[in-house]
Amino acid sequence: MTDQPQQPYPGQPYAGQPYPPQQPPKKRKKWPWILLAIFVVIIAMFGGCAALIGGAAKSIDDESKSVVSVTYKVTGPATGALITYTINDNITQDNDVALPWEKKTDVTGLAKTVTLSATNGMNDTGKITCQVLVDGKVIIENTASGTGASASCSGSVSKK
């Protein structure tokens, strides 16, 4: 026989012996949660960018479809003025014009540019003034004087 005492019950520690050490609880892995958080942040950023781009595209589309009513005016004592102006990127010219002169038009497109040039005729010596008006308010104005003097008004307009 052996000198060691026998276990009173199978699976129990030896009498007088400490219990075997307990296993520490298994640690949960953190990396799947970190990957999920990164994925959520990326999706949120993508959604935010898509919303910004969509908003910008709508704004550009709205601006390109908007219409601005513009009035071109030329004043002065000239009787033989040369007037050149644009209507939606089409250049038009009126010759030997007695002032005052006025033309109303609608400007469309994304870049709503306007140009107006007024030149005194060879027999005109006084001042010549060009004006671009939107909603009755002068937004561009220029004056020149003398024979062959030219006043130019150009820029962009918007509905604000």
Side-chain angles (χ1 to χ4, degrees), residues 21-160:
Q22 289 189 355
Q23 296 290 335
K26 281 191 166 186
K27 291 185 179 180
R28 292 189 175 185
K29 295 179 181 177
K30 293 180 183 177
W31 66 267
W33 294 105
I34 294 171
L35 285 178
L36 178 64
I38 291 171
F39 180 73
V40 167
V41 168
I42 290 172
I43 293 299
M45 288 174 48
F46 178 75
C49 289
L52 284 174
I53 291 170
K58 183 182 180 329
S59 177
I60 290 170
D61 186 51
D62 290 348
E63 180 63 27
S64 69
K65 291 177 182 175
S66 70
V67 177
V68 177
S69 294
V70 172
T71 302
Y72 292 129
K73 278 189 177 181
V74 179
T75 58
T79 57
L82 171 66
I83 301 171
T84 306
Y85 55 98
T86 57
I87 299 177
N88 292 324
D89 297 328
N90 295 317
I91 298 173
T92 304
Q93 191 170 49
D94 293 351
N95 297 312
D96 290 326
V97 176
L99 301 182
W101 173 92
E102 185 175 302
K103 177 74 175 178
K104 293 182 181 186
T105 185
D106 291 332
V107 180
T108 60
L110 184 58
K112 294 173 180 56
T113 57
V114 293
T115 58
L116 170 63
S117 175
T119 305
N120 270 338
M122 294 308 294
N123 298 323
D124 300 318
T125 59
K127 289 184 178 179
I128 189 164
T129 300
C130 66
Q131 295 178 324
V132 178
L133 295 89
V134 174
D135 295 329
K137 296 178 185 171
V138 176
I139 61 166
I140 306 168
E141 181 175 23
N142 198 356
T143 301
S145 62
T147 303
S150 183
S152 296
C153 296
S154 65
S156 60
V157 294
S158 64
K159 242 184 168 179
K160 290 184 182 176

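In this chain, numbering begins with 1 at the start of the sequence shown. Computation of the quantities below employed the complete heavy-atom set of this structure, encompassing side-chain atoms and omitting hydrogens, waters and symmetry-equivalent molecules.
- Each of T129, V132, L133 was evaluated against E141; a single residue qualifies, T129, per the side-chain contact (heavy atoms from CB on, under 4.5 Å) test.
- Heavy atoms from other residues, nucleotides or ligands lying under 6.0 Å from CG of N123 number 12 at most.
- P77 and G126 make their closest contact through CG-CA, 4.1 Å (heavy atoms, listed as atom of the first residue, atom of the second, distance).
- Under the 3.5 Å distance criterion, the side-chain polar atoms of N120 are left unmatched by any main-chain donor or acceptor of T125.
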Checklist line | side-chain contact (heavy atoms from CB on, under 4.5 Å) evaluation trace for S150 with S117 | finding: CA-CA 7 Å; S150 183; S117 175; 3.5 Å; yes

Next item on the list: Would you check, one step at a time, whether the test side-chain contact (heavy atoms from CB on, under 4.5 Å) holds for T86 with I91?
Entry: CA-CA 5 Å; T86 57; I91 298 173; 4.0 Å; yes

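- Looking only at side-chain heavy atoms (C-beta outward), V68 and D106 stay at 4.5 Å or farther from each other.
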Checklist line | Residue pair V114, I140: steps toward the side-chain contact (heavy atoms from CB on, under 4.5 Å) verdict | finding: CA-CA 10 Å; V114 293; I140 306 168; 4.1 Å; yes

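- Between the D124 side chain and the G80 main chain, a donor and an acceptor come within less than 3.5 Å of each other.
- Using cut-offs of 30° and 60° on the angle between ring planes, the pair Y85 and Y72 is tilted.
- A distance of 8.0 Å separates CG of L116 from OG of S152, quoted to the nearest 0.5 Å.
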What side-chain donor-acceptor pairs closer than 3.5 Å can you find for residues 36-45, not counting sequence neighbours?
none

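- Rounding to the nearest 0.5 Å gives a distance of 15.0 Å between NZ of K137 and CD of Q131.
- Summarising the geometry, atom OG1 belonging to T119 is positioned 8.5 Å from atom CD belonging to Q93; distances are rounded to the nearest 0.5 Å.
- Checked options I83, T71, I87; the residue passing with K103 is I87 (criterion: side-chain contact (heavy atoms from CB on, under 4.5 Å)).
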Next item on the list: Decide side-chain contact (heavy atoms from CB on, under 4.5 Å) for V67 and V107; before the verdict, give the C-alpha distance in whole Å, the side-chain angles of both, and the deciding distance to 0.1 Å.
Entry: CA-CA 6 Å; V67 177; V107 180; over 6 Å; no

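- Between the CD1 atom of I128 and the OG atom of S145 there is a distance of 10.5 Å, given to the nearest 0.5 Å.
- Interatomic distance, N142 CG to C153 SG, rounded to the nearest 0.5 Å: 5.5 Å.
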